[in-house]
Amino acid sequence: MAGQKIAVIVGPTACGKTDASIRLAEALDAEIISADSIQVYRLLDIGSAKPTADQRRRVVHHMVDVVDLGDRGFSVARYRQSAQTCIDSVRKTGKLPLIVGGTGLYIHALTQPLALGSVPPDEGLRMELVLKERNDPGCLHRMLGELDPASALRLHPNDQKRVIRALEVCMASGKPLSAYGSDFQNAAGNEPPNDAVMIGIAIPRELLYERINARVDQMMEAGFLDEVKTLLKRGYDPSLPAFQGIGYRQLLDHLDGRLTMGEAMEEIKRETRRFAKRQITWFKRDARIRWFNACDYPSSEEMHREMLEYLKFRLYEDINDGCLS
RNA sequence: GCCUCGGUAGCUCAGCUGGUAGAGCAAGGGACUGAAAAUCCCUGUGUCGGUGGUUCAACUCCACUCUGAGGCA
């Protein structure tokens, strides 16, 4: 059932995923499904490092520009819903779905049996809980200790976002969040939504950081600041979740007078480096990923060729086996 | 040439009158199930410029030396 498999390419920001994905998509007759939590938003173009118009002409990209910038309700669950629809429709055309992105949770949503879909967020309740916590620090975590001891044990009292979510699930469904599972490696062996062949791009930290710094400079030259100014002029609220994206936050702070341009630039670079570190932490514990280190190859073309070979082998190994027997 | 003040973590610096070091930032490690580019947790990484000396014991005192800044000639 080779046709049932999907290919996935991951890696930290600025590692060269986009270039690699274009090459591989063309060679494998694939369409790309982005797994990037910022590129889903329309109008966030420069700062989210979206694929260029030319790249998007060469290969069909899904899950880019699919959410209104003003939408405050986008989530992993909605991502999985839409992305899975894309995967299925790409398959129907006989092409290969190629997932490309750096948002670990989104990749997980497509390749691991995450229990999503039961309890939608309840903004009213969340606000109420935030107020409660403000009046009585620590009360939420204690409350969780009563309702869902396993989750309370797992979550740090300061991780308010997750504590609130865990409470939300308990209160809405009467079932503790821990009952839905939290098994990163899927040791339980539940059926994943897709059978994925995964590859990752690794780069020595120092080199990656150089690339990040250079890319931030390029973004500024490409008119990042004007992009943000235009969005403000159009009336988009700086508090939108989409504006939590690195770069947007800092430039909004600069336009608001809270940061000088120099400080904003420095902070964007630093935050992007830290983000890359978190991505690396996430992906390196995923044993399914076959890593390709950019330094092991004389050129990126050479690396792309090796990736292609590996993907072809793994994607069609069942057919290969069939031929042998 | 002389005088003064510096040289301690990647950076900026603290370290009473001797008991082999500690802050901030940077950095590193980790977590992650409906905000995930979000959110949260943990961690000091060091030939204290070098060489000798005094001392039970030197980042600390002494001598010499290398080096940076300033001042006087």
Side-chain angles (χ1 to χ4, degrees), chain A residues 12-14 34-41 44 47-50 67 71-83 101-123 125-127 130 140-141 148 150-151 153-169 172-173 175-186 188 190 192-193 205-206 208-209 212 215-216 219 239-251 263 266-286:
Chain A
T13 187
S34 164
D36 185 300
S37 64
I38 301 296
Q39 289 183 5
V40 294
Y41 290 105
L44 300 188
S48 71
K50 273 183 195 159
V67 181
D71 195 332
R72 291 176 183 271
F74 194 70
S75 66
V76 214
R78 273 176 60 189
Y79 172 79
R80 183 172 72 179
Q81 171 72 39
S82 314
T103 303
L105 182 59
Y106 287 9
I107 301 277
H108 245 53
L110 296 177
T111 61
Q112 295 282 37
L114 296 194
L116 302 168
S118 28
V119 181
D122 177 345
E123 288 309 324
L125 175 66
R126 289 183 180 189
M127 235 179 303
V130 168
L140 295 187
H141 195 256
D148 181 358
S151 292
L153 204 64
R154 187 173 65 85
L155 297 176
H156 193 279
N158 290 353
D159 200 348
Q160 203 185 76
K161 230 178 212 183
R162 288 197 173 80
V163 170
I164 286 180
R165 172 59 186 163
L167 285 170
E168 185 177 65
V169 170
S173 69
K175 198 171 150 190
L177 178 64
S178 50
Y180 293 93
S182 63
D183 178 7
F184 192 101
Q185 305 279 13
N186 188 24
N190 294 318
R205 199 64 68 92
E206 204 173 301
L208 180 65
Y209 286 2
I212 286 172
R215 192 169 74 168
V216 172
M219 284 178 176
S239 75
L240 287 168
F243 283 142
Q244 292 307 301
I246 296 167
Y248 292 96
R249 275 204 309 272
Q250 290 78 8
L251 290 183
E263 287 168 341
E266 238 174 273
E267 194 172 312
I268 291 170
K269 289 174 181 173
R270 184 181 358 111
E271 287 306 314
T272 307
R273 276 183 252 128
R274 288 175 171 171
F275 169 50
K277 191 162 90 71
R278 273 178 268 135
Q279 289 177 300
I280 291 168
T281 299
W282 180 292
F283 291 126
K284 81 167 145 198
R285 118 174 131 124
D286 194 330

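To find a chain, count down the sequence lines: A is the first, B the second, and so on, and within it residues start at 1.
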Pairs under 3.5 Å (N/O, protein and nucleotides 41-43 of chain B):
{"unit_1": "B:rC41", "atom_1": "OP1", "unit_2": "A:N158", "atom_2": "ND2", "d": "2.6"}

Give every pair of a protein N or O atom and an N or O atom of nucleotides 23-25 of chain B that lie under 3.5 Å apart, one pair per line with the distance.
none

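Atom NE2 in A:H108 sits about 16 Å away from atom P in B:rA36, given to the nearest Å. Atoms CZ (A:F275) and P (B:rA36) sit 11 Å apart, rounded to a whole Å. If you measure from atom CD of A:Q279 to atom P of B:rA31, you get 15 Å, rounded to the nearest angstrom. In this structure, the CG atom of A:D159 is 10 Å from the C1' atom of B:rA38, given to the nearest Å. B:rA26 atom C1' lies 15 Å from atom CD1 of A:I212, rounded to whole Å. Remark: C1' of B:rA38 and CZ of A:R278 are 8 Å apart, rounded to the nearest angstrom. Across the protein-nucleic acid pair, A:Y106 atom OH and B:rG34 atom C1' stand 9 Å apart, rounded to whole Å. The CD atom of A:Q250 sits 13 Å away from the C1' atom of B:rA38 (whole-angstrom rounding).
Distance noted for atom C1' between B:rU33 and B:rA38: 14 Å (whole Å). The same atom, P, is picked in B:rC59 and in B:rG19; the two are 10 Å apart, to the nearest Å. If you take atom P in B:rU8 and the same atom in B:rC61, they sit 16 Å apart, rounded to whole Å.
In this structure, a donor-acceptor pair under 3.5 Å is present between the side chains of A:R72 and A:S239. Remark: the A:T13 side chain and the A:R215 side chain contain an N/O donor-acceptor pair separated by less than 3.5 Å.
With B:rA36, B:rU33, B:rA35 as the choices, the nucleotide that has an atom nearest any side-chain atom of A:R126 turns out to be B:rA35. Of the candidate nucleotides B:rU33, B:rA26, B:rA36, B:rU33 has the atom nearest to the side chain of A:L177. Distances were taken from every side-chain heavy atom of A:R162 (C-beta onward) to each of B:rG34, B:rA36, B:rA27; the shortest belongs to B:rA36. For A:K161, the listed nucleotide lying nearest its side chain is B:rA38; candidates were B:rA26, B:rA38, B:rU33. Comparing atom distances between the A:P121 side chain and each of B:rC40, B:rU33, B:rA35 picks out B:rA35 as nearest.
Going from atom CG of A:L167 over to atom CZ of A:R126 covers 11.0 Å, rounded to the nearest 0.5 Å. A:I268 CD1 to A:I212 CD1: the interatomic distance, rounded to the nearest 0.5 Å, is 12.5 Å.
The side chain of A:R273 contributes an N or O atom lying less than 4.0 Å from OP1 or OP2 of B:rA27. Considering only side-chain N and O atoms, A:Y209 lies under 4.0 angstrom from the phosphate OP1 or OP2 of B:rG28. Between A:S75 and B:rA35 there is no side-chain polar atom (N or O) within less than 4.0 angstrom of OP1 or OP2. For A:R165, no side-chain nitrogen or oxygen approaches OP1 or OP2 of B:rA35 to under 4.0 Å.
Only one option out of A:S173, A:P120, A:P121 pairs with A:E168 in a side chain to side chain contact (heavy atoms under 4.5 Å, CB included); it is A:P121.
Contact of the A:H108 side chain with the A:V76 side chain is not registered, since no non-hydrogen atoms from C-beta on lie closer than 4.5 Å. Put simply, the side chain of A:I38 does not reach to within 4.5 Å of the side chain of A:I246, judged on heavy atoms. The side-chain heavy atoms of A:R78 and A:D71, taken from C-beta on, include a pair separated by under 4.5 Å. Inter-residue side-chain proximity for A:Y41 and A:K50 is flagged as unmet; no heavy-atom pair is nearer than 4.5 Å. Side-chain contact between A:R80 and A:L110 is present, with heavy atoms from C-beta onward closer than 4.5 Å. Contact annotation: the side chain of A:K277 approaches that of A:R205 to within less than 4.5 Å [non-hydrogen atoms, C-beta and beyond]. In this structure, A:R165 and A:L155 have side chains that are not in contact, with every pair of non-hydrogen atoms separated by 4.5 Å or more.
Ring planes of A:F243 and A:Y248: tilted class, angle from 30 to 60°.
Map A:I280 and A:G47 each onto its nearest nucleotide of RNA chain B; the residue landing nearer the 5' end is A:I280. For the pair A:P113 and A:R205, nearest-nucleotide mapping onto RNA chain B gives the more 5' position to A:R205.
Contact annotation for A:K269: no contact, since no heavy-atom pair falls under 4.0 Å across all strands. Residue A:T272 is classed as having no contact, given no heavy-atom separation below 4.0 Å to the nucleic acid. Note on A:F74: only backbone sugar-phosphate atoms sit closer than 4.0 angstrom, heavy atoms only; bases stay farther off.
A salt bridge links A:R274 with A:E271: at least one charged nitrogen is closer than 4.0 Å to a carboxylate oxygen.
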Task: Under the 3.5 Å Watson-Crick or G-U criterion, the dot-bracket string of RNA chain B, with | for inter-strand pairs - done: (((((((..((((.....[..)))).(((((.......))))).....(((((..]....)))))))))))).
